[in-house]
2 protein chains.
Amino acid sequence: MERSDLRKAGLKVTLPRMRILSILDTSERRHMSAEDIYKSLLDTGEDIGLATVYRVLSQFEGAGLVSRHNFEGGHSVFELDTGVHHDHIVCNDCGRVEEFMNPIVEVQQETIAKEHGFALVAHSMILYGRCENPDCPHRAKK
Amino acid sequence: MERSDLRKAGLKVTLPRMRILSILDTSERRHMSAEDIYKSLLDTGEDIGLATVYRVLSQFEGAGLVSRHNFEGGHSVFELDTGVHHDHIVCNDCGRVEEFMNPIVEVQQETIAKEHGFALVAHSMILYGRCENPDCPHRAKK
DNA sequence: ATGTATGCAAAACATTTGCACCTGG
DNA sequence: CCAGGTGCAAATGTTTTGCATACAT
């Protein structure tokens with residue numbers, strides 16, 4: 001029950017918030033843009049505005065319920081924050097997103113920050129490539 | 001003389017292109033947004049449109065003369081491509097950008113891609129933190 | 001009831017594009 | 001001369017905001 005998550009975050013339990021949380025939780029794609037979520041709501045017959053989707057996602061981000069990533073292409077993607085840190089590898093062809101966590105890289109980040117006299121606050125690491133998924137367009141294309 | 005760089009890229013040597021290249025080359029800040037470059041042109045008394053700045057930067061990117069990075073905040077920054085790969089660490093307070101190249105991280109990226117069945121094409125790694133620069137606002141603030 | 005949330009439309013940005021005019025080779 | 005480049009304004013795509021209305025507590 002995520003109702004409690006909302007209350008804990010100091011957010012009223014409203015229908016749009018529940019629905020958006022639910023979509024992020026149950027969609028087969030863990031990483032969705034605001035537009036994706038909005039369309040998904042329309043499909044479900046919900047009458048929720050795109051502006052609300054953005055507002056709710058920002059609040060969720062502030063509350064630590066979701067995290068936002070700036071992938072290439074000028075739009076953000078959101079995912080439920082499981083509390084487990086990870087980075088992303090994205091297929092340039094089919095858009096598939098996979099998660100990874102590499103301890104060696106994590107350690108190096110601290111080392112690098114220290115070398116440059118920075119107190120590390122956050123980082124963004126995204127790998128782009130072509131995946132081996134048989135359904136991936138770049139393989140289908142030949 | 002960068003005239004030859006332009007010719008090599010199959011681009012006519014025009015005034016806007018020269019000026020933009022020159023700004024990227026001589027500005028003390030190596031990393032600039034399109035807007036930054038545009039303002040810099042205005043300061044120099046140049047009459048070059050923002051649209052042209054974007055067009056030229058895109059062409060330069062295609063020609064490998066500059067590289068584009070998507071920092072947080074929804075805007076891109078451009079820098080002269082020296083041919084030497086590096087990533088970035090950005091100060092959240094003063095906006096200062098430093099470059100680094102960590103061989104261990106580079107190797108791990110290939111390993112990670114392989115583990116996930118991806119052929120690595122590109123990557124974006126940006127660290128965010130607070131720098132020790134005495135001029136940095138977050139230190140001045142107390 | 002009452003302070004928050006929401007929907008809608010409009011605004012705000014960053015970036016791109018259409019088109020008539022200019023310019024470099 | 002003439003393909004390609006540029007300026008300007010208008011179009012785009014994404015995200016934010018103002019405001020009157022609706023809702024959770």
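For clarity, every value in this text was computed on a predicted model and none was experimentally measured.
Side-chain atoms of A/Phe118 and B/Leu127, non-hydrogen and from C-beta on, never get closer than 4.5 Å to each other.
Among the atoms of the strands shown, none is found under 4.0 Å from any heavy atom of A/Leu15. A/Ser76 comes within contact range of the sugar-phosphate backbone alone, with a heavy-atom separation under 4.0 Å but no base atom that close. Across all strands shown, B/Arg17 has heavy atoms under 4.0 Å from sugar-phosphate atoms exclusively, and none from any base.
Rounding to the nearest 0.5 angstrom, the gap separating the NE2 atom in A/His85 from the CD atom in A/Glu99 is 10.5 Å. Here CG of B/Leu41 is found 4.5 Å from CD1 of B/Ile48. Values are rounded to the nearest 0.5 Å.
Nearest nucleotide to the side chain of B/Ala51, out of C/dC8, D/dT15, C/dT17: C/dT17. Set against D/dC8, D/dA24, C/dG7, the side chain of A/Thr14 has D/dA24 as its closest nucleotide. For B/Lys12, the listed nucleotide lying nearest its side chain is C/dG25; candidates were D/dT25, D/dT16, C/dG25.
One can place CD1 of A/Ile20 at 8 Å from P of C/dT6, the figure rounded to the nearest angstrom. Between the P atom of D/dG13 and the OH atom of B/Tyr54 lies a distance of 16 Å, rounded to the nearest Å. To the nearest angstrom, P of C/dT17 lies 12 Å from CD of B/Gln59. Rounded to whole Å, atom C1' of C/dA12 lies 15 Å from atom CG of B/Leu50. Across the protein-nucleic acid pair, A/Leu21 atom CG and C/dA5 atom P stand 15 Å apart, rounded to whole Å. One interatomic measurement links the two molecules: CG of A/Asp36 to C1' of D/dG13, which rounds to 14 Å at whole-angstrom precision. In this structure, B/His75 atom NE2 and D/dT15 atom P are separated by 15 Å, rounded to whole Å. Between the CG atom of A/Asp47 and the P atom of D/dC23 there is a distance of 11 Å, rounded to whole Å.
Without hydrogens or angle criteria, B/Ser27 side chain to B/Arg29 main chain gives a donor-acceptor distance under 3.5 Å.
Ring-plane geometry between A/His31 and A/His69 is classed as tilted, the angle between the planes lying from 30 to 60 degrees on a 0 to 90 degree scale.
You'll find a donor-acceptor pair under 3.5 Å spanning the side chain of B/Arg55 and the base of C/dG18, going by distance alone.
Each of B/Asn70 and B/Arg7 was assigned the nucleotide of DNA chain C with the nearest heavy atom; the assignment lying further toward the 5' end belongs to B/Asn70.
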